[in-house]
Amino acid sequence: MPDTQARGKRRFGRIRVLGKRSDRCLVLSLCDKEGKPQFEYAIHESEPRWQN
C-alpha cells in the first residue's frame, strides 16, 4: 500500500472497534508520535469473511 512506509520514524499502532452491535467496524491506524493517524484501514463487519 502506498504511503505506509514507517522506517526511521517513531510511530505506533492503534486498534479501535467502533459502531453499534451487529454493525461493528475494526479500524487499524498507524499514528505519528503526536498521535495523529498517518494511515488507517477499516474492516466492516458486513464484509465477507474467511470460511473454514
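Being a predicted model, the structure only gives us computed values, none of them experimental.
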Check: What distance separates Gln38 CD from Arg11 CZ, expressed to the nearest 0.5 Å?
Finding: 5.0 Å

Note to self: For Pro37 versus Arg14, what's the shortest heavy-atom pair and its separation?
What the structure shows: CG-NH2, 3.7 Å

Item checked: Residues that Glu34 engages under side chain to side chain contact (heavy atoms under 4.5 Å, CB included), provided they are two or more places apart -> Asp32

Name the atoms and distances for all side-chain donor-acceptor pairs under 3.5 Å in residues 15-31, with sequence neighbours left out.
unit_1	atom_1	unit_2	atom_2	d
Arg16	NH2	Glu40	OE2	2.9
Arg24	NH1	Gly19	O	2.5
Ser29	OG	Glu40	OE2	3.0

